[in-house]
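To start, the structure under review is shown below, and the notes come after it.
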Amino acid sequence: MTSSKSISVAGAGSIGCFVGGMLRAGGHPVSLLARPRLIEDINRHGLKVTSFEGIEHRLTPAEIKLSDDPAAIFAGADIILVTVKSDDTPEIADLIAQQAAKNAVIVSLQNGTGNVSVLRDALPDHDVLAGMVPFNVLSLGDGHFHRATSGDILLEKDDPDIAKLLSRPELVFRSVEDIEGVQWGKLLINLNNALNALSGLPLRDQLAQRSWRTLFADQIREALAVIKAEGIAPLSTTPLPASFTPFILKLPNALFTRIAASMVKIDPKARSSMWEDLQRGRRTEIDHLQGLIVALAERHGLKAPLSARIVALIRNAEEAGKGSPGLTPEQIRAVGQC
Ligand SMILES: NC(=O)C1=CN([C@@H]2O[C@H](COP(=O)(O)OP(=O)(O)OC[C@H]3O[C@@H](n4cnc5c(N)ncnc54)[C@H](OP(=O)(O)O)[C@@H]3O)[C@@H](O)[C@H]2O)C=CC1
Ligand SMILES: CC(C)(CO)C(=O)C(=O)O
């Protein structure tokens, strides 16, 4: 493999634009499959990628290929990064199947645990790799995408090593042996996406409050029991084992803040991707997060009342279409006395 690869982003939004922009700044030719409104934004303002540590790159529209036509974006791609929301994976997989060369490597950079099997089923002739993005990216408008928390992108081990090829000091990709464990570990962390979306608070303000962390911890405990029944061992992406996370979350504010600060950097603007979905009136990924826990609980004859409650509250918020309902942890628990 040569060092510069032609990279296509399948579904440019927060993650696709940030990762795509950083890879372009690192010298790879990058093309983005995007909606017309985003193409218009980037054509007008350029693509700006920034990060909480002070990184900033500005790319002119001439430096990045943009189109809403999958044929124009996927033909000639060496690597296709899938960055659509989970409900859109079947559709994007079909578009890739129709337009991409067979030697294109497909990398899912999505949350949830089911996207890679959807891609593999639709793309049997392709090498499909699982990936996991631990950090938060905000779409700030006018073609500006801001990375608001820390962490390296983790990829399933492959030969040749795609992680090594894509990695650069400003955006590290690392290959890991047990990507499935990592995905399940991330799912536990993503249980807070819905809480953050329901709260309407920036992540840092939300997690600074013990009552929110306790609710998050209770959800993790409920999910861990279900995941264990499924025979899965989730892997933590922090130095602490996944089973330890609820204990840390329940610590008093000052102690929690000190421990959390040593593990993750988080700037005041960070919010979950589900909050962004509610704000924009889009369908969320709730079925792939708490919804999956509820489905697995049913399969094993277990109960997951807290997850079920949160699914219902997110559904209500999606239907209302008014963004975050701004609930408190007490209001969330009171809905069903959890
Ligand atoms: N945002 C974050 O901070 C993080 C997100 N993730 C995960 O990464 C994945 C991507 O999330 P995120 O970047 O936030 O999602 P976004 O919704 O911001 O981006 C996906 C984009 O793809 C577009 N899209 C979908 N289908 C097509 C198509 N056929 N042609 C052109 N454009 C298309 C969507 O448009 P439209 O909305 O109009 O359909 C949307 O703009 C998710 O699984 C998420 O959970 C992981 C870590 C952090
Ligand atoms: C914020 C983060 C990184 C963890 O909740 C995320 O994965 C998301 O927003 O989807």
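Both counts, for ligands and for their atoms, begin at 1 and track the order of listing.
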### Message
Does only the side chain of H146 get under 4.0 Å from ligand 1, or the backbone, or both, or neither? Count heavy atoms.
### Response
neither
### Query
Is the number of heavy atoms from other residues, nucleotides or ligands under 6.0 Å of K250 NZ greater than 12?
yes
### Message
Looking at E230 and R299, is there a salt bridge between them, counting it only when a charged N and a carboxylate O are closer than 4.0 Å?
### Response
yes
### Task
Measure R280 to ligand 1 on non-hydrogen atoms and call it side chain, backbone, both or neither using the 4.0 Å cut-off.
neither
### Query
Considering only heavy atoms, does N111 approach ligand 1 within less than 4.0 Å through its side chain, its backbone, both, or neither?
both
#### Entry: Proximal candidate to atom 30 (N) of ligand 1 [heavy atom criterion; set L38, L33, V137]
L33
### Task
Kindly confirm or rule out an N or O of R35 lying under 3.5 angstrom from an N or O of ligand 1.
yes
### Message
Treating Q331 as the side-chain partner and T328 as the backbone partner, does any N or O pair qualify as donor plus acceptor under 3.5 Å?
### Response
yes
### Message
Nearest non-hydrogen contact with atom 5 (O) of ligand 2 belongs to which option: N193, L138, N136, N111?
### Response
N193
### Task
Output the list of atoms in ligand 2 that are nearer than 4.0 Å to some heavy atom of S272, sorted by atom number.
9 (O)
### Proximity to ligand 2 by part of N190, non-hydrogen separation under 4.0 Å
side chain
### Query
Can you find an N or O of S86 that's nearer than 3.5 Å to an N or O of ligand 1?
no
### Message
Check this for me - ligand 1, R282, N or O atoms closer than 3.5 angstrom, yes or no?
### Response
yes
### Task
Anything under 30° is parallel, anything over 60° is perpendicular, the rest tilted; go ahead and classify H144 against H146.
perpendicular
### Task
For ligand 1, note which part of A12 has a heavy atom under 4.0 Å away: side chain, backbone, both or neither.
backbone
### Message
Taking 4.0 Å as the limit for heavy-atom contacts, which would you say applies to A10 with ligand 1: side chain only, backbone only, both, or neither?
### Response
neither
### Message
For R37, state whether at least one heavy atom is located under 4.0 Å from any atom of ligand 1.
### Response
yes
### Query
If you measure from each heavy atom of F135 to ligand 1, is any distance below 4.0 Å?
yes
### Query
Does A270 have a non-hydrogen atom less than 4.0 Å from ligand 2?
no
### Task
Between I92, L109, T83, flag the one that comes closest to atom 8 (O) of ligand 1 by a heavy atom.
L109
### Task
Walk me through it: do K85 and E285 pass the test salt bridge (charged side-chain N to carboxylate O under 4.0 Å, His left out)?
CA-CA 7 Å; K85 288 274 162 56; E285 293 185 300; 5.4 Å; no
#### Entry: Close approach, R271 and ligand 1, non-hydrogen under 4.0 angstrom
no
### Query
For S273, is at least one N or O under 3.5 Å away from an N or O on ligand 2?
yes
### Query
Given E40 and R44, is the salt bridge (charged side-chain N to carboxylate O under 4.0 Å, His left out) satisfied, shown in steps?
CA-CA 6 Å; E40 202 182 306; R44 189 174 302 159; 3.2 Å; yes
### Task
Check whether any side-chain N or O of N136 sits under 3.5 Å from a backbone N or O of T149 as a donor-acceptor pair, and report yes or no.
no
### Message
Looking at ligand 2, is there an atom of it that comes within less than 4.0 Å of some heavy atom belonging to K186?
### Response
yes
### Message
I'd like to know whether the aromatic ring centres of F135 and F18 sit less than 6.0 Å apart in this structure.
### Response
yes
### Query
Looking only at heavy atoms of L95, does any of them come nearer than 4.0 Å to an atom of ligand 1?
yes
